[in-house]
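Written out below as structure tokens is the structure these notes cover.
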Amino acid sequence: MDSGTNRMKVVVAIVVGATCLLPASSGAMRGVAAPAMRPGVEAEGAVAGWHIALGGFSGLRDAASARVTRWDSDGTESIVGVTWAIDPHRIGGGATAARNLTAMIRIENGLARVSGVVDGVLLQALAIADGAGDVGFAVGYDGAMARLAGERWVRITSPIGASLGSIDLYSPASGWAVGSRSTILRWDGGRWAIEAVPAELDSAAVIADVAAVSAENAWAVTTDGLMLKRDTAGWHVEMDAPRLTGFSSIAFDGPDLGLAAGDGVLEYRGGVWRELSVDDGSYSDVAWSGRIGYLVRDGEVLRLLDGRLDPVVGEGFTTPLEDRRIDRLFTLAPDRNELIGIARQGVMVRVNELRAFPMWPPVTNASSLAVTSDEYGWIGGTVSPAGLVGAADDGAWRRTSIEEPGVTITDIDAPVEGVAWAAGYLRSEVGGVSSFVDKAWRWDSDAWAEAHPPSGVSFDGISALSHDEAVSARGDAIMRWDGSGWVPVEGAPEGAQFGDAQMVAGG
């Protein structure tokens, strides 16, 4: 098998492993031995919950952010923001039975980690109530529902089988979820119950979005252009609101300021809905930040201020922001003066006024992960032009470049904070023929220094104990770094083929 074919198989295996987003604590199940860990997934018992996050979770559908009260050990109270996102997947199909699962992603201090998987369901919307941060619900297809239980999400029984596409909580004891077949559910702090809908609503209507504005009041919109309002008397059609061809989203900032969008845009101010004069297009989402409205039109983020729409411009992206095709917006807690946009392919961007930034540095085909704690770790893959992304000890992701275009990182090991080794290869093409040169690097305080592997030795995988101790095992050779260069480890069985190596400290 030629080296080019072998490389392709390695990359494909990495991408499939990253897409599945299985929890790091899964281990063996039902008596079946746990398989060897794939590149890019931390071994069980390392730092629970870390999975590849950069480069985008492949199917991010929705996110929610809440203001949470925390108390320090000295009794000091502080308000922080806790954010969750959902990433649904359908695994298998054809000869293999399809399996639904939704990865629940915790985002805090700029770090995104899979905190667990809700099995058997495809969730598509979620909401978190302000307060202690432990009241949250996610809803999805066929009436699927899950509830936040501490740091975990667990499935709960749904009162209906209709698909649910939107949910909003006003408080831990009040909220609504809506969906297909004219479905509206009410949360009263103890259970979810079906609410009666207006008689004018067709039984097959799809209620696209809902916004809770008080413990008893809410607004909702349908895909066929109706505006619904709830008060203490129940739900009714708001006849005074202009009717659009179809609605997709509604959002309020307090009870007096609202936006609704679809095949046009409506603004609620002074107790009256009025249609805004905007360019034609499909307006898919609306959100508020600091009493300023934001809209998504055909994948582009726009700020609404004094009746004028201005485009949000991206900074720090490898491709133009408009190529990202933003689908959803939500307000970021605790200050709520910034927004997070979810783009296609699962990329997240941070929006502030008329500027948008990557939530983390861009990495494509993220293929390797090594972490030593919640505050220190590395992720590597293919970067333009080349490089890695590491987490500094302050919890912020930053890019650390390997100045060699065409490099792909296949494995990283970080045994202790401040120590990291990386392996990968350099791909080049001459006359339509691809060639690969294996590479290795070690982290020297603030930069990557190349640790040249011997010619002809594959360095896809690497394991280390310290800055001066590392080993690689691929193909028919085991190589060890002796402090100044790579030397073969003698005694390997003749004809043996090695896949990877793991170093452990001696007693």
Side-chain angles (χ1 to χ4, degrees), residues 15-24 26 29 49 51-53 56-64 83-107 112-128 136-149 151-169 175-185 187 192 194 204-210 223 248-249 284-285 325-330 340 342-348:
V15 172
V16 171
T19 300
C20 289
L21 291 173
L22 297 179
S26 58
M29 296 184 293
H51 291 250
I52 287 178
F57 294 102
S58 61
L60 282 179
R61 190 64 57 84
D62 194 21
T83 303
W84 287 90
I86 52 176
D87 191 21
H89 296 271
R90 173 160 288 175
I91 308 300
T96 305
R99 175 188 174 204
N100 296 333
L101 59 84
T102 302
M104 309 304 295
I105 301 159
R106 177 74 172 261
I107 304 170
R113 293 184 290 166
V114 175
S115 188
V117 170
V118 182
D119 203 358
V121 293
L122 294 175
L123 302 173
Q124 56 180 341
L126 79 163
I128 311 295
F137 294 93
V139 298
Y141 293 98
D142 302 319
M145 301 188 80
R147 179 171 184 170
L148 181 60
E151 296 295 315
R152 299 183 305 113
W153 289 83
V154 296
R155 288 182 64 176
I156 60 174
T157 301
S158 173
I160 200 165
S163 291
L164 301 168
S166 177
I167 182 172
D168 195 23
L169 296 175
W176 288 267
V178 299
S180 64
R181 306 208 301 259
S182 295
T183 298
I184 300 179
L185 302 181
W187 169 250
W192 285 96
I194 300 171
V206 175
I207 304 177
D209 202 8
V210 65
T223 57
S248 60
S249 180
S284 60
D285 204 12
R325 300 287 302 175
I326 304 296
D327 287 326
R328 300 295 300 271
L329 287 174
F330 68 93
I340 293 294
I342 298 178
R344 296 183 184 179
Q345 292 83 46
V347 176
M348 280 190 173

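Worth saying up front: this structure is predicted, and the values here are computed from it rather than measured.
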Q: Give the minimum heavy-atom separation between Ala138 and Leu123, together with the two atoms involved.
A: CB-CD1, 3.7 Å
(Q) Using a 3.5 Å distance criterion without hydrogens, assess whether the side chain of Asp285 forms a donor-acceptor pair with backbone atoms of Leu329. (A) yes
Q | Rounded distance (nearest 0.5 Å) linking atom OG1 of Thr102 with atom CD of Gln124 | A | 9.5 Å
Q. Can you say whether the rings of Trp187 and Trp192 are parallel (under 30°), tilted (30 to 60°) or perpendicular (over 60°)?
A. tilted
(Q) Nearest 0.5 angstrom please: Trp84 CH2 to Ile128 CD1, how far? (A) 7.5 Å
**Q.** Exercise: identify the closest heavy-atom pair between Ala343 and Ile326
**A.** CB-CD1, 3.7 Å
Q: Check the pair Met104, Ile86 against side chain to side chain contact (heavy atoms under 4.5 Å, CB included), reporting the backbone distance first and the verdict last.
A: CA-CA 5 Å; Met104 309 304 295; Ile86 52 176; 3.3 Å; yes
Q | Identified side chain to side chain contact (heavy atoms under 4.5 Å, CB included) counterpart of Met145 within the set Val118, Val139, Val121 | A | Val139
Q | Identified side chain to side chain contact (heavy atoms under 4.5 Å, CB included) counterpart of Leu185 within the set Val210, Ile160, Ile167 | A | Ile160
Q | Approximate separation, where rounding is to 0.5 Å, of Ile194 CD1 and Ile184 CD1 | A | 11.0 Å
Q: Mind listing the closest non-hydrogen atom pair of Thr183 and Ala162 along with its distance?
A: OG1-CB, 3.3 Å
Q) Salt bridge check: are Asp327 and Arg61 linked by an N-O gap of less than 4.0 Å? A) no
**Q.** Heavy-atom closest contact (Ala208 atom, Val178 atom, distance)
**A.** C-CG2, 4.4 Å
**Q.** CD1 on Ile105 to CE on Met348, rounded to 0.5 Å
**A.** 6.5 Å
Q: Give, for atom CG of Leu126 and atom CZ of Arg147, the distance between the pair rounded to the nearest 0.5 Å.
A: 14.0 Å
Q) Short question: side chain of Arg155, backbone of Asp119 - any donor-acceptor pair under 3.5 Å? A) yes
Q) Any idea which heavy atoms bring Asp62 and Arg328 closest together, and the distance? A) OD1-NH2, 3.5 Å
(Q) If you compare all heavy atoms of Leu169 against all heavy atoms of Gly175, which two are closest, and at what distance to 0.1 Å? (A) CD2-CA, 3.8 Å
**Q.** Value rounded to 0.5 Å, distance of OG1 in Thr223 from CD1 in Ile207
**A.** 9.5 Å
